[in-house]
Amino acid sequence: MRHLIDITDLSVQEVDELIATAEDIIQDPAKYAEVCRHKKLATLFFEPSTRTRLSFEAAMLDLGGSTLGFSEAQSSSAAKGETVGDTVRVVGGYADIIAMRHPKEGAPLAATQVSTVPVINAGDGGHNHPTQTLTDLLTIHKERGSLSGFTIGCCGDLKFGRTVHSLVNALSRYSGIRFVFISPPELKIPLYLKENTIEPNGLPYAETESLEDAMPDLDILYMTRVQRERFFNEADYLRLRDTYILDPAKLAAAKLDMRILHPLPRVNEITVDVDKDPRAAYFRQAVYGKFIRMALIMKLLEVQP
Ligand code: NCD
């Protein structure tokens, strides 16, 4: 039985195969409409979500399966003190596969130790978010035709932003990738990612506080929200939240074929008048999220069209 907790649980070949399957689903959705008939997906979300939970549910419905679950810890027995392990053990008796989001780093990994069905990490605290990364990779592949040879700017909250952590782990396995990490000093990329992933892979990278300076070099600009819920005090959040605001004036210095990605939700970091720029890929990215999750569910349930 396979789980997806960390993006590197999948080999590069498996990631490429998931992208190819997602692209095939986009071309011919009817071929996949019944493959998960009588299968059930449980979404156990102990933390807020719009896209991740609903795209998982839409993915399972579009595969002909069905869904059950909860969208806040307060409406589950977690509110009575039940452990994650017990919840997962029980839900495995009702569903064929589980997607779990939890505020504690490592909770989905702990769930795999007792689960009788595949568990997918749908975001664990400030740690990882592998299915957002699959979404991001499909988006880059669809928009730019490749996953190699790009300069990727990651901008915003690189400390608590779990989507950036998983994206760095994934892209560091492709050739010709260069990162530019754009953040205030307080929200820099964690040291463990530099020591365990970036440096051992010999990846060139730069760190800067200036989005303007980085802009002309970038092929992909990955904007992120300052993760308010991970801050220890509100004053720090308020001080840092508007450090970067992407607007049309800043975009004027960008390459014409650059693409702007954002896992969403957006707060202030991209102005709405950027949305109509053809380089703004974030709403298309949200749509791609459903298709790659369809491919992933099929893989973990070992079903084929
Ligand atoms: C991200 C998350 O939850 O980590 N959103 C998402 O899953 N699409 C990013 C965020 O919340 O800022």
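Basis for what follows: all heavy atoms, side chains included, without hydrogens, waters or symmetry-related copies. Count residues from 1 along the sequence. Note that ligands are numbered from 1 as they come in the structure, with each ligand's atoms numbered from 1 the same way.
- Not counting sequence neighbours, the partners of Val15 by the side chain to side chain contact (heavy atoms under 4.5 Å, CB included) test are Leu10, Ile19, Leu134, Leu137, Arg173, Tyr174.
- The residue from Thr163, Asn128, Asp157, Thr131 that puts a heavy atom closest to atom 1 (C) of ligand 1 is Thr163.
- Electrostatic pairing of Glu229 and Arg162 does not count as a salt bridge here, judged by no charged N lying under 4.0 Å from a carboxylate O.
- In summary, the atoms of ligand 1 found under 4.0 Å from a heavy atom of Gln132, numbered by their order in the structure, are 6 (C), 7 (O), 8 (N).
- Geometrically, Arg293 engages Phe56 in a cation-pi contact defined by less than 6.0 Å to the ring centre and at most 45° from the axis.
- In summary, the side chains of Asn169 and Thr8 do not present any donor paired with an acceptor at a separation below 3.5 Å, with no hydrogens or angles considered.
- Taking the six-membered ring where the residue is Trp, Tyr192 and His127 present tilted rings, their angle falling between 30° and 60°.
- The protein non-hydrogen atom at the shortest distance from atom 4 (O) of ligand 1 is Arg162 NE, 2.7 Å.
- With hydrogens and angles left out, the side-chain atoms of Thr224 and Asp157 include no donor and acceptor closer than 3.5 Å.
- The nearest heavy-atom contact from the protein to atom 7 (O) of ligand 1 is His129 NE2, 2.7 Å.
- Contact between Glu47 and ligand 1 is absent, with no heavy atom of the residue lying under 4.0 Å from the ligand.
- Of the protein's non-hydrogen atoms, Leu264 O, 2.9 Å is the one closest to atom 5 (N) of ligand 1.
- When only interatomic distances are considered, the shortest N/O to N/O separation between Gln227 and ligand 1 falls below 3.5 Å.
- Within the structure, ligand 1 lacks Gly123 among the residues with a heavy atom less than 4.0 angstrom away.
- The option with the heavy atom closest to atom 11 (O) of ligand 1, from among His165, Arg230, Arg225, His127, is Arg225.
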Please assess Thr52 against His129 for the test side chain to side chain contact (heavy atoms under 4.5 Å, CB included), listing each intermediate value before the final yes or no.
CA-CA 10 Å; Thr52 305; His129 194 346; 3.6 Å; yes
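- At under 3.5 Å, not a single nitrogen or oxygen of Pro265, backbone or side chain, sits near a nitrogen or oxygen of ligand 1.
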